[in-house]
Amino acid sequence: MKKKLIKIIKKAGKILKKGFYSNKDVTFKAKKDLVTKYDVAVENYLKKYCSKHFKEFNIIAEESDNSKVEFNNSIIIDPIDGTTNFVNGVPHTAISVGVYKNKKPYLAVVYNPILDELYVAKVGKGAFLNGKELKVSTEEDLQKSLLATGFPYTSGSNEDDLNDVLKKIKDVLPHCQDLRRLGSASIDLCMVAKGTFEGYYEMNLKPWDVSAGVLILSEAGGKVTNIKGGEYNLFEDKYIVATNSRIHTELLSKLDI
Ligand code: LIP
């Protein structure tokens with residue numbers, strides 16, 4: 001399945017890349033939440049070939065109506081993670097596909113066709129970037145840690161969420177090396193897996209934003225939890241906290257106050 005899935009995603013990457021260098025028709029799903037014809041085209045391509053080749057899985061995808069799809073043996077697709085980057089020509093944008101068996105992560109691919117970076121992980125088999133094995137950073141000191149975060153689309157309409165974002169920055173920023181906001185949750189998780197960032201947290205993500213990245217990070221030796229330190233539930237948890245595992249407890253202590 002891995003080889004076939006990568007082949008399909010690489011082909012879909014050509015659609016994303018063509019769109020990246022073209023004019024885009026942007027539609028607003030919400031005040032800050034964009035969608036383009038390329039999100040739809042990449043998703044349709046992935047759905048068509050995944051349902052043809054992987055019949056034992058159903059598909060949950062960002063631009064589709066998933067209300068009748070039961071999460072179990074599922075392929076969870078984000079056709080363009082980092083759509084705002086995609087629209088504005090920032091090359092941090094990727095196709096993210098997480099394959100789940102009995103609700104457990106099995107296979108994960110995050111592909112950034114602009115930088116030609118292909119992250120792949122299979123449960124128990126490690127995580128790789130363009131074939132090179134990934135390992136998280138060994139830094140143990142939060143103060144020396146470079147972290148990443150993201151801002152929810154709801155920050156434009158929900159004052160509680162906006163205040164929570166600001167509070168967490170205030171609680172975390174003085175206690176780490178610095179904080180980045182790159183705009184693609186799937187790539188943020190891969191960058192923790194790669195050891196570039198020691199940790200990452202964000203609120204209000206959707207299953208497709210992180211379905212692949214969580215496996216890539218855990219296969220690279222990282223840790224992913226909710227804000228209480230419990231198992232992260234793709235569909236239910238408000239916050240994801242993802243680290244090299246060494247700074248996890250200290251980061252949680254700053255976030256959950
Ligand atoms: C986006 C993320 C981004 C996050 C946004 C959104 P989209 O995904 O990856 O980092 O901050 O809330 O979820 O909508 O571009 O697929």
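Numbers here simply count residues along the sequence, with the first being 1. Note that this is a predicted model, so its numbers are computed, not measured. In listed order, ligands and their atoms are each counted from 1.
When heavy-atom distances to ligand 1 are checked against a 4.0 Å cut-off, F151 comes that close only through its backbone atoms N, CA, C and O.
Ligand 1 has no nitrogen or oxygen under 3.5 angstrom from a nitrogen or oxygen of P152. Remark: ligand 1 and S186 share no N or O pair separated by less than 3.5 Å (distance only, no angle test). Between T84 and ligand 1, not a single N/O pair is under 3.5 Å apart. For ligand 1, none of its N or O atoms has an N or O atom of D33 under 3.5 Å away. At least one N or O atom of I80, backbone or side chain, sits closer than 3.5 Å to an N or O atom of ligand 1. In terms of polar-atom proximity, G150 is not counted as a contact of ligand 1, lacking any N or O under 3.5 Å from an N or O of the ligand.
Using modelled atom types and a 3.5 Å distance limit, the side chains of N204 and D161 yield a donor-acceptor pair. For the residue pair E231 and T225, no side-chain donor N or O sits within less than 3.5 Å of a side-chain acceptor on the partner.
Side chain of D237 to backbone of Y239: no donor-acceptor contact under 3.5 angstrom is found. A donor-acceptor pair under 3.5 Å links the side-chain atoms of T243 to the main chain of S245, judged by distance alone.
Protein heavy atom in closest approach to atom 7 (P) of ligand 1: Y153 OH, 3.5 Å. When only non-hydrogen protein atoms are considered, atom 3 (C) of ligand 1 lies nearest to G183 O, 3.7 Å. For atom 11 (O) of ligand 1, the nearest protein heavy atom (residue, atom name, distance) is E202 OE2, 2.4 Å. Remark: minimum distance from atom 13 (O) of ligand 1 to any protein heavy atom is reached at D209 OD2, 3.0 Å. Of the protein's non-hydrogen atoms, the one nearest atom 16 (O) of ligand 1 is D78 OD2, 2.9 Å. At the shortest separation from atom 9 (O) of ligand 1 among protein heavy atoms lies D81 OD1, 2.5 Å.
A salt bridge links E62 with K29: at least one charged nitrogen is closer than 4.0 Å to a carboxylate oxygen. Ion pairing of E117 with K132 is absent here, as no side-chain N (NZ or NE/NH1/NH2) approaches a carboxylate O to less than 4.0 Å. Ion pairing of K206 with D81 is absent here, as no side-chain N (NZ or NE/NH1/NH2) approaches a carboxylate O to less than 4.0 Å. Look at D178 and R180 and you find a salt bridge, because one of the NZ, NE, NH1 or NH2 atoms lies within 4.0 Å of a carboxylate O, short of that distance.
Annotation: the span from I60 atom CD1 to E70 atom CD amounts to 9.5 Å, rounded to 0.5 Å.
Atoms of ligand 1 found under 4.0 Å from any heavy atom of G82, numbered from 1 in the order shown, are 7 (P), 8 (O), 15 (O), 16 (O). Distances below 4.0 Å separate heavy atoms of R181 from the following atoms of ligand 1: 3 (C), 10 (O), 11 (O). Heavy-atom proximity to S184, at under 4.0 Å, picks out these atoms of ligand 1: 9 (O), 10 (O).
Taking the six-membered ring where tryptophan is involved, the planes of F54 and F57 are perpendicular, since the angle between them exceeds 60° and thus also 30°.
Look at N204 and you'll find every heavy atom at least 4.0 Å from all atoms of ligand 1. In this structure, E62 is part of the shell of residues with a heavy atom less than 4.0 angstrom from ligand 1.
Judged by the 6.0 Å distance and 45° axis criteria, K168 is not positioned over the aromatic ring of Y201.
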